[in-house]
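What follows is one structure encoded as structure tokens, with my remarks underneath.
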2 protein chains.
Amino acid sequence: MSEPIGAPGTARPGGRTARVREAVLRAAGDALVDNGLGGVDLAEVARRAGVGKTTVYRRWGTVPGLVADMLAEMAESSLPRADTGSLDADLAALAALNVATLTDERQGPLFKAVIAAATWDEPTAVALRGFYRARIAEWAPCVDLGIERGDVPEGTDAAEVIRAVSAPLYYRLLVSGDPLDADTGKRAAAAAAAAARLGAFVT
Amino acid sequence: MSEPIGAPGTARPGGRTARVREAVLRAAGDALVDNGLGGVDLAEVARRAGVGKTTVYRRWGTVPGLVADMLAEMAESSLPRADTGSLDADLAALAALNVATLTDERQGPLFKAVIAAATWDEPTAVALRGFYRARIAEWAPCVDLGIERGDVPEGTDAAEVIRAVSAPLYYRLLVSGDPLDADTGKRAAAAAAAAARLGAFVT
DNA sequence: CTTCTAAAGGAACTACAGTTTCATTAACAT
DNA sequence: ATGTTAATGAAACTGTAGTTCCTTTAGAAG
């Protein structure tokens with residue numbers, strides 16, 4: 001997250017500052033998983049982290065502020081894309097990875113919370129968009145390779161294909177509440193691949 | 001929303017009670033659109049509605065409680081499905097309707113808020129799932145008609161096709177933040193129809 | 001029209017999330 | 001090593017979201 005220059009934690013980011021950040025983000029994640037976004041208060045996070053609540057209020061200020069910083073943390077561990085030699089298998093791998101993340105006991109609630117926070121907090125929304133732009137860019141080459149192979153028509157919007165794989169999974173997680181399992185992932189990948197092959201994502 | 005029996009508003013739902021509910025839900029919608037889910041407090045809603053804040057706290061208690069009741073209200077105006085005689089056109093109509101709703105100045109933020117609230121409030125989540133189950137059931141016959149016509153293979157999961165149309169739109173609204181316009185809708189409908197025709201949604 | 005009481009309203013109260021102040025600790029530069 | 005000061009932490013403080021209590025209003029039933 002881009003804090004205003006001069007914000008606490010920017011001039012001496014080593015040692016204690018880093019340890020405090022780590023402890024607070026970890027505690028915030030725990031609180032988020034346990035209580036959901038609406039049930040988090042910063043004083044409790046501070047207590048869990050073994051840190052003065054003044055510090056938490058000073059450095060993050062609000063729950064969405066904290067959430068946005070967690071997202072910055074998550075963004076650093078980018079999932080490397082697959083390269084199996086076939087578009088279907090690559091997309092299936094992407095879907096499987098998404099399913100694994102979203103159904104993970106810890107990461108699932110975290111993603112839910114981040115997305116919920118982004119619906120009303122602009123800095124979180126900006127961070128979220130950046131996060132997914134990076135994720136989509138990481139995986140788009142799968143589709144470009146498919147175009148080179150002649151699997152998929154020229155002019156296909158690679159990003160759109162990647163989005164088409166993930167979308168049904170997030171839709172279930174956030175909106176319809178339908179079950180989300182390995183089979184769902186396979187179907188999402190297969191449907192996206194099929195549509196792409198037919199030129200449904202040609203710009 | 002199913003309030004516990006004996007809850008205020010159940011024994012004398014006519015006249016004033018109904019007017020109060022209407023005014024409060026309207027004010028809550030305004031507040032939600034203006035300030036987002038995180039910026040709503042019930043006292044302000046009460047003031048906007050010209051209603052005692054005691055009433056709001058007594059009948060709805062929390063912001064998600066209010067949001068869940070708004071959802072119940074929304075559920076009553078169900079969008080009737082199209083029946084154009086072609087699967088592609090029916091799905092395109094569904095997509096267009098979704099785009100119109102989600103980009104509407106008032107309804108868009110409302111849907112965002114409801115979905116966000118559902119990520120941590122279980123009653124809201126239950127109401128939301130019910131809402132979308134009904135929506136999906138309303139539109140599933142489009143696909144069944146397509147199967148009868150021979151457009152789409154036998155055994156295709158109709159609900160899954162409907163979800164495939166909506167999913168990319170919600171994904172953009174909530175997750176990736178990519179633009180959401182008529183063209184996006186058309187592409188989502190076309191991709192779902194294409195995948196369905198190839199049997200990607202056969203159970 | 002009268003009665004009964006569910007629901008709304010007003011105002012005082014309370015608890016606690018969030019702030020402010022200032023003393024203490026430890027990063028970084030030299 | 002030492003000095004400087006960024007960052008943390010403890011405690012006292014404050015504002016206000018949410019509750020409680022009691023009065024008033026107005027639906028429903030006869």
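Predicted model, so just to flag it, every value in this text is computed and none were measured. Order of the sequence lines sets the chain letters (A, B, ...), proteins ahead of strands, with each chain counted from 1. Basis for what follows: all heavy atoms, side chains included, without hydrogens, waters or symmetry-related copies.
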Cationic N near anionic O, under 4.0 Å, A:D69 to A:R21:
yes

So, A:D88 and A:R197, do they make that salt bridge, N to O below 4.0 Å?
yes

Proximity to DNA chain C (any heavy atom under 4.0 Å), residues of residues 42-51 of chain A only
none

Of all residues at least two apart in sequence or in a different chain, which pass the side chain to side chain contact (heavy atoms under 4.5 Å, CB included) check with A:A159?
A:I136, A:D157, A:R163

Rounding to an integer number of Å, can you tell me how far [X] [atom1] sits from [N] [atom2]?
| X | N | atom1 | atom2 | value |
| --- | --- | --- | --- | --- |
| B:N35 | D:dA17 | CG | P | 12 Å |
| B:D41 | C:dA17 | CG | P | 16 Å |
| B:Y57 | C:dA8 | OH | C1' | 16 Å |
| A:W60 | C:dG18 | CH2 | P | 15 Å |

Can a side-chain donor-acceptor contact be found between B:Y170 and B:Y132 if the only test is distance below 3.5 angstrom?
yes

If you measure from CD on B:E138 to CG on B:L79, what distance do you get to the nearest 0.5 Å?
8.0 Å

For the atom pair CG (A:L110) and OG1 (A:T101), what is the distance rounded to the nearest 0.5 Å?
11.0 Å

Given protein heavy atoms under 4.0 Å, the one-letter contact record of nucleotides 21-30 of chain C, with B base, S sugar-phosphate only and - none, is simply B---BBBS--

If you draw a 6.0 Å radius around CZ in B:R129, do more than 12 non-hydrogen atoms from other residues or ligands fall strictly inside?
yes

I'd like to know whether CD of B:E22 has more than 12 heavy-atom contacts from other residues, nucleotides or ligands below 6.0 angstrom.
no

Between C:dA8 and B:R59, is there an OP1 or OP2 to side-chain N/O distance shorter than 4.0 Å?
yes

Among D:dT8, C:dA8, C:dG18, the one nearest B:V20 by side-chain distance
C:dA8

Could one point to a donor on the side chain of A:K53 or the base of C:dG18 with an acceptor on the other under 3.5 Å away?
yes

